[in-house]
Every structure is written in C-alpha cells, then in structure tokens.
Amino acid sequence: MNNLLDIYQRLTNHYGTRNWWPAETPFEVIVGAILTQNTNWKNVETAIFNLRQKNALTTDAILQLDLETLEQLIRPSGFFRQKAQRLQLFCLYLQDHYAGSLDALFAQKLDLVRDELLRLKGIGPETADAILLYAGRLPSFVVDAYTNRLFGRLGILSGDEKYADVRDLFMSQLPKDIQLYSEYHALIINHCKQFCRKKPLCPGCPCADICLEKQPN
DNA sequence: GTCCAGGGCCTAC
DNA sequence: GTAGGCCATGGA
C-alpha cells in the first residue's frame, strides 16, 4: 500500500478538487509565490490587488516602477523591502535571459529551470517548486511548513528531514503527475488551515483523524 | 500584548 | 553544515 497516495485519496474524498493556485496568470503565480513567503495569504491578496489596480502584474510594469513605489504597493504582504527587490530581480532576470517570456523559461528541462531559479536571490526551494509547478506546469512537488506539520503528525515525517528529503520522499512514492502534485499541496494547505492552526503540534488536534477516518469504504 | 502566517538570507560558530 | 537573528504586516 502506498501511504502517501492513500492519504491523498482521503483528502480528496473529504475536500474535493481545489483547482490551485489562486491566480489569473502564470506571472501572477510567481508574484504570489514570492509575496507569500512566511506571510498570511490574506495579506498577499491585498498586495496583489494593489498591483492589479496599477496594472503592475507584468514584468515590464514591475521593472518600470521605482523601488519605493513597488514597496508601498506590496507593503501589506510584509517584508516589503526585500520582496520588492526580489520581484524586480526576477523580472530583470526574465527580461535579460528570456526576453521576458515565461514560456521560454519553462520550455527547458525541470531540473535546469529549478537550478536557475534557486540561483536567484530570494527564491529558495519552496518558492522555486511553487513556481515550477503552478506557473510552469512542471512536475515538482512543493513542500511547505504545513506539509511537515501534517505528515509529522501522521508519523510519516520525524521533523528532522531537510527540504530535499521530504520532496524526494513524495516524488519517489507518487506518480509524476502535475495535477496530482498541484492538488496534493493545495489539499494539505486547505486541511491545515482548518485543523492545524497551532505549531508545531496542537494537542488533540483532529487533523490526523480527519484524513484517517474518511476512508472510501 | 502575544502568536502566527503557503520562507529565505546572512552571519557566527 | 547548521543554529539563530533578521526581515514586517495584519488578523486571531
């Protein structure tokens, strides 16, 4: 029996299809992935709303904004100084190396794109994988704090694993399926937002039970 | 007032 | 190679 696939099925049975990531364009996915670093998504939504109001959800527009203006627009998402810089650095890279084309960036092999993203300041493993999966539609599993929390609670992770260890575990045990990866990450977040608010472990938290009790039969 | 959120960088050891 | 400090806003 495949534990991870089984848990995925139970989460899907319980919550249904999530259709993630919440964004209108691949570029907007990338903006959201950078802005949400250690930040409540609600605050990110406000920042993205501000950018949309200024028609600033394109590489050109973000590069044309002066840094201070960009900082003020994304201020609600927190860490706004470093995030403004990171956004512009990404846009500059895309413009210089791919003439601003995300399609050109994502046309390459997954590992190649991943290494490129990881070399950019402000893009770590989780942000890179979210960009690859949800903006590039490339099969890279996304690990986040919720993943570690839920699967630690389920006894599948010890908490000592590094990011790459957890990603390797999921990618080695699950079929390499973009839709599956996309939904799984979304389901984990959806589940934890409801049942796993406190960290690292909330005593009596029903989150582990929810996915175990909802078996198909 | 305290804790937390869909991380990542830098520095010191 | 890794533990600890730092970045900052807004909601619970």
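Per chain, numbering begins at 1; letters A, B, ... match sequence-line order. Basis for what follows: all heavy atoms, side chains included, without hydrogens, waters or symmetry-related copies.
- Among the atoms of the strands shown, only primed sugar atoms or phosphate atoms (P, OP1, OP2) are found under 4.0 Å from some heavy atom of D144(A).
- Of the candidate nucleotides dC9(B), dG1(C), dG7(B), dG1(C) has the atom nearest to the side chain of K162(A).
- Looking at heavy-atom distances under 4.0 Å, S77(A) makes no contact with the nucleic acid at all.
- G124(A) comes within contact range of the sugar-phosphate backbone alone, with a heavy-atom separation under 4.0 Å but no base atom that close.
- Taking every side-chain heavy atom of F79(A) into account, dA8(C) is the closest of dA8(C), dG8(B), dT2(C).
- Comparing R86(A) and N43(A), the nucleotide of DNA chain B nearest to each residue sits closer to the 5' end for N43(A).
- At the phosphate of dC7(C), neither OP1 nor OP2 sits under 4.0 Å from any side-chain N or O atom of R81(A).
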**Verdict with supporting geometry, Q85(A) and R81(A), side-chain hydrogen bond (donor to acceptor under 3.5 Å, both in side chains)** = CA-CA 6 Å; Q85(A) 192 174 29; R81(A) 293 190 183 87; over 6 Å; no
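- At a threshold of 4.0 angstrom between heavy atoms, the contacts of K121(A) are confined to the sugar-phosphate backbone, with no base atom among them.
- Checking dC9(B), dA5(B), dA8(C) against the side-chain heavy atoms of N40(A) singles out dA5(B) as nearest.
- Residue Q82(A) is in base contact, counting any heavy-atom pair closer than 4.0 Å across all strands shown.
- Dashed line: the shortest gap from a side-chain N or O of R149(A) to OP1 or OP2 of dA5(B) is under 4.0 Å.
- At whole-Å resolution of the value, CD in Q85(A) and P in dC10(B) are 10 Å apart.
- The nearest heavy atom of DNA chain B to L120(A) and to Y134(A) marks one nucleotide each, and the one closer to the 5' end goes with Y134(A).
- The nearest whole Å value for the distance from the CG atom in L35(A) to the C1' atom in dA5(B) is 14 Å.
- Going from atom CD of Q173(A) over to atom CG of D168(A) covers 11.0 Å, rounded to the nearest 0.5 Å.
- Following rounding to the nearest Å, N148(A) (CG) and dA5(B) (C1') show an atom-to-atom distance of 15 Å.
- Distance CG (L89(A)) to C1' (dC9(B)): 13 Å, rounded to an integer number of Å.
- Here, dC10(B) and dA8(C) have their P atoms 14 Å apart, quoted to the whole Å.
- Distances shorter than 4.0 Å separate some side-chain N or O of T127(A) from OP1 or OP2 on dG8(B).
- For R119(A) and dG8(B), the CZ to P distance is 17 Å, given to the nearest whole Å.
- Regarding L73(A), its CG atom lies at a distance of 15 Å from the P atom of dT9(C), rounded to whole Å.
- Salt-bridge check for E71(A) with K83(A): failed, with every basic side-chain N at 4.0 Å or more from each acidic carboxylate O.
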**Request:** Please step through ring-ring contact (aromatic ring centres under 6.0 Å, His included) for the pair F141(A) and H185(A), ending with a clear verdict.
**Result:** CA-CA 8 Å; F141(A) 197 87; H185(A) 179 62; 7.2 Å; no
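- In this structure, I74(A) atom CD1 and dC7(C) atom P are separated by 16 Å, rounded to whole Å.
- N38(A) places its CG atom 13 Å from the C1' atom of dG5(C), with the value rounded to the nearest Å.
- Contacts of I123(A) with the nucleic acid, taken as non-hydrogen atoms under 4.0 Å apart, involve only primed sugar atoms and P, OP1 or OP2.
- Counting only N and O atoms by type, the side chains of E183(A) and Y8(A) include no donor and acceptor under 3.5 Å apart.
- Scanning both residues, P139(A) and L110(A), for their nearest heavy atoms gives O-CD1, 3.3 Å.
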